[in-house]
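Just so you know, these numbers use all the heavy atoms, side chains as well, and skip hydrogens, waters and symmetry mates.
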Amino acid sequence: MEKLKQPFFRKVFFFYTIAAVLSLLVMLIPMSWQAYSSDQRQMENERLDKIQALVRALDEQFSNMEKISIQLTNTSWVTKLSSNSEVLSSQIDYLKQRDICREMSRYHGLVRPARSTALLLPQKGTAVDRVSIWETDDYFSSIGVDETDFLPDFLEYVSEAPNSLGMYQTPAYPDGFFVFKQLDYNDSPKQILLFAVDAKQLQYLISKNSAEPVPFWEISPHGGVIYEYGQQQTGRELFTVTCDSDTYPWSYTFQVEFSGGHISSGNLLLAITALLAFTAGIILAYFLASITSRPLYTLLQHMGLQPSKDSPEFTAIETAFSDLNNEKDSLEASSQKYWNMIRANLLSTLVRGAFEPETMEADLAAFHLPFRDSMWFMLLWAGYQAPADRSSMALDILKIQEYLEKEKIQCVEILKETSHSIVIILGEQGDSEQLLERSNAIREFLKENFSSNMTTYGIPPQRGLVSISRMYREVKFYARKKSALLSHSYYPIHLEI
């Protein structure tokens, strides 16, 4: 644990730990998502199975209603009661009425959500249920519905409805809705089987067939919502689904409150695997951090550096290398200074002829002087009319050097002879004619750019390093001889072109 006190080791260990954790997450997230998705699909399938069971339970009740309508269609007393014949009507005596009410009671028992099951005979103003054979206004009063608000609109709706099980909802019956079926399909309905469905009883039936609470449901024929119970809510555990009836032209919407999720064996295994992998990742990170930091601390030990809180490992190394770099720059500056001095001294021995011929070429190459004994040489002397200051003279030399580089004239050295003159040494590996052409081009440049305050003088080409000193002596002689006559340019007769 002593390594954890070292700043660099802590950083590397932290980095490897993060890398291991992220790698672990990248590896486990797809597996976890796959397991979670599988659990969700299984849960949704289970929920859909439960919803389908609810749909089948409701469809069963509506199917019982339709079966009752088929039974009543084939019943003789329905025909007798709905007939306008006095003979047929008179056959329904008191005992027969009791039998009819008992039969309606049996039918009503088959439809658990219904508050009332009745046969309406609108043309005769009669309604038959399990209690009695009523006048229609008395029947609707018994179930809490105002006939005048209900019946006209209802009959008009039934006359336009298809000859199948249908639904009708009216504000006159706020506690639920009606389900109806015409026993004889005519423009003017004569026999209507009517079920007054109580929403609370239907909710009880739904709750009885569902293990989970159903706070909201609605029934929607294709024309719109016929009735809804409760209020839709939002929540994590609320599952809302709409299913079409398998038999009838409407759909059911349920909002089921399922219990919280469970921890599957797959998720538990993933959690254990993640924990073990995380632990292994920390151990691996510690091992990798030790290997990674070992060369650094070995280097610090060899350099004799001791990191501290104010000077961590890399800061200590940076300071040490900065000191070394400063020493290197100082040595390079001193070396360059001495190198320039030796080069200038070598050039001075060349122009004065005080050199060893056997070693001179090697010395010239070592100090990047482009002169060899096999070359042709020529000297140009340029003198100012008056002594020039150091800065202006350096600027003039720079202009001459830029011209030489631009014209690609090689093997040239420029010597500052005095405060009012310079010497240009030209060398050419070819013939002397090329050297003359280059010297003339340099003279033209000097004449065009420095004609007002400078004059030039040249020595004809000669071969060999020894010739440089001879030409230099002649130039010096000319310079002393013409020191009082520097107001115009002078070209020797044998150099004129």
Check: [X] side chain, [Y] main-chain N or O, donor-acceptor pair, under 3.5 Å:
| X | Y | result |
| --- | --- | --- |
| Asn45 | Arg41 | yes |
| Lys124 | Leu81 | yes |
| Ser334 | Leu331 | no |
| Asp129 | Thr117 | no |
| Asp137 | Glu147 | no |

Atom pair [atom1]/[atom2] of [X] and [Y] - distance to nearest 0.5 Å:
| X | Y | atom1 | atom2 | result |
| --- | --- | --- | --- | --- |
| Ser63 | Leu165 | OG | CG | 9.0 Å |
| Leu48 | Cys243 | CG | SG | 6.5 Å |
| Met65 | Ile70 | CE | CD1 | 14.0 Å |
| Asp138 | Ile133 | CG | CD1 | 13.0 Å |
| Glu332 | Glu327 | CD | CD | 12.5 Å |
| Tyr229 | Gln203 | OH | CD | 4.5 Å |

**Request:** List the steps, then state whether salt bridge (charged side-chain N to carboxylate O under 4.0 Å, His left out) holds for Lys96 with Asp93.
**Result:** CA-CA 5 Å; Lys96 186 63 175 176; Asp93 55 13; over 6 Å; no

**Leu121: which of Thr136, Thr126, Ile192 passes side-chain contact (heavy atoms from CB on, under 4.5 Å)** = Thr126

If only side-chain N and O atoms count, and only distance matters, is there a donor-acceptor pair under 3.5 Å linking [Y] with [X]?
| X | Y | result |
| --- | --- | --- |
| Lys190 | Gln123 | no |
| Gln71 | Thr75 | no |
| Trp77 | Glu103 | yes |
| Tyr248 | Glu66 | yes |
| Gln336 | Asn340 | yes |
| Tyr139 | Ser132 | no |
| Asp244 | Tyr252 | no |

**Request:** Give a yes/no verdict on a cation-pi contact between Arg47 and Phe239, requiring under 6.0 Å between NZ or CZ and the six-membered ring centre and an angle within 45° of the axis.
**Result:** yes

**Request:** Quick one: sort the Phe178 and Phe154 rings into parallel, tilted or perpendicular, breaks at 30° and 60°.
**Result:** tilted

**Prompt:** Where does the angle between the aromatic ring planes of Phe180 and Tyr157 fall among parallel (under 30°), tilted (30 to 60°) and perpendicular (over 60°)?
**Reply:** perpendicular

**Residues, nucleotides or ligands: over 12 heavy atoms within 6.0 Å of Phe367 CZ** = yes

**Message:** Heavy-atom count check: over 12 atoms from other residues, nucleotides or ligands less than 6.0 Å from Lys328 NZ?
**Reply:** yes

**Asked** What pair of heavy atoms forms the shortest contact from Leu183 to Ser69, and how long is it?
**Response** CD2-O, 3.4 Å

**Closest contact, heavy atoms only, Pro174 versus Tyr227** = O-OH, 3.6 Å

